[in-house]
Amino acid sequence: QLQLVESGGALVQPGGSLRLSCAAPGLLLDYYAIGWFRQAPGKEREGVSCISPRDINTAYADSVKGRFTISRDNAKKTVYLQMNSLKPEDTGVYYCGAGPNANPGLCTLTPRLYGAWGQGTQVTVSS
């Protein structure tokens, strides 16, 4: 069964930075939209950022615009999420998923449209 692998989560102080990685072994990575999502305790999974097939477009949740950057390295079959100026409200388990590829210029932050979820990686922002 196809499954993505997240890594890079850690405990970090407010204002700090982290880079998360989403590895996709066995997947034609640039064929899919790849999205990053997070889930805080007691809350639903929410979209953070996504990158469209062929890297034509990206999208970000309003809460992370200007602080997070998504990128893709097809040679390494990995998508990254660079997170800067982290805030306590960024705390949660971060997941990546493979999403719709019908339109190479679009991606969506709707979790139900994604699959191949990994186990997630914990990000905790606290002093």
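As the structure is a prediction and not an experimental result, all values here were calculated from the model. As a basis for the values below, the full set of heavy atoms in this structure was taken, side chains included, without hydrogen atoms, waters or symmetry mates.
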With a sphere of 6.0 Å drawn around CD of Gln122, does it hold more than 12 non-hydrogen atoms of other residues, nucleotides or ligands?
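More than 12 within 6.0 Å, yes.
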Give the minimum heavy-atom separation between [X] and [Y], together with the two atoms involved.
| X | Y | result |
| --- | --- | --- |
| Ile34 | Ile70 | O-CD1, 3.9 Å |
| Gly9 | Val123 | CA-CG2, 4.1 Å |
| Ala33 | Pro100 | CB-O, 3.4 Å |
| Gln3 | Trp117 | CG-O, 3.1 Å |

Which is it for Glu46 and Gln39 under the side-chain contact (heavy atoms from CB on, under 4.5 Å) test, yes or no, and what are the steps along the way?
CA-CA 6 Å; Glu46 64 173 353; Gln39 189 164 16; over 6 Å; no
What I want to find out is whether Lys65 reaches Asp62 closely enough, with some N-O distance under 4.0 Å, to be called a salt bridge.
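So Lys65 pairs with Asp62 through a salt bridge.
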Which pairs pass side chain to side chain donor-acceptor pair (under 3.5 Å) with one or both residues in residues 4-33, sequence neighbours excluded?
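Qualifying pairs: Ser17-Asn84.
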In terms of hydrophobic clustering (I, L, V, M, F, W, Y; side-chain heavy atoms under 4.5 Å; direct or indirect links), are [X] and [Y] co-clustered?
| X | Y | value |
| --- | --- | --- |
| Val125 | Trp36 | yes |
| Tyr95 | Leu4 | no |
| Tyr80 | Val64 | no |

Distance in Å, [X] [atom1] paired with [Y] [atom2], rounded so as to fall on 0.5 Å steps:
| X | Y | atom1 | atom2 | value |
| --- | --- | --- | --- | --- |
| Arg112 | Arg45 | CZ | CZ | 14.5 Å |
| Leu86 | Thr124 | CG | OG1 | 11.0 Å |
| Ser127 | Leu11 | OG | CG | 9.5 Å |
| Asn103 | Asn101 | CG | CG | 10.0 Å |

Is there side-chain contact between Pro14 and Pro88, with heavy atoms separated by less than 4.5 Å?
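Yes, at least one pair of side-chain atoms sits under 4.5 Å.
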Report yes if the side chains of Phe68 and Asp90 come closer than 4.5 Å at any heavy-atom pair, otherwise no.
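Of all side-chain heavy-atom pairs linking Asp90 with Phe68, at least one is under 4.5 Å.
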Which residue pairs pass the salt bridge (Lys or Arg N to Asp or Glu O under 4.0 Å) test with at least one member in residues 72-82, sequence neighbours excluded?
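Every pair satisfying salt bridge (Lys or Arg N to Asp or Glu O under 4.0 Å) with a residue in residues 72-82: Asp55-Arg72.
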So, the side chain of [X] versus the backbone of [Y]: is there a donor-acceptor pair under 3.5 Å, distance only?
| X | Y | answer |
| --- | --- | --- |
| Thr121 | Tyr94 | no |
| Ser85 | Arg67 | no |
| Asn57 | Gly105 | yes |

Out of Thr69, Val48, Leu109, which one pairs with Tyr60 under the side chain to side chain contact (heavy atoms under 4.5 Å, CB included) rule?
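With Tyr60 as partner, Thr69, Val48, Leu109 yield a single side chain to side chain contact (heavy atoms under 4.5 Å, CB included), made by Thr69.
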What pairs meet the disulfide bond (SG atoms under 2.5 Å apart) rule with one or both residues in residues 78-127, with sequence neighbours excluded?
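Output for this query lists Cys22-Cys96, Cys50-Cys107.
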Is the ring centre of Phe37 less than 6.0 Å from the ring centre of Tyr114?
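Close enough - the centres of the two rings lie under 6.0 Å apart.
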List the steps and the verdict of side-chain hydrogen bond (donor to acceptor under 3.5 Å, both in side chains) for Thr110 and Thr108.
CA-CA 6 Å; Thr110 305; Thr108 174; 3.0 Å; yes
May I have the step-by-step check of side-chain hydrogen bond (donor to acceptor under 3.5 Å, both in side chains) for Thr91 and Glu89, ending in yes or no?
CA-CA 5 Å; Thr91 294; Glu89 51 264 43; over 6 Å; no
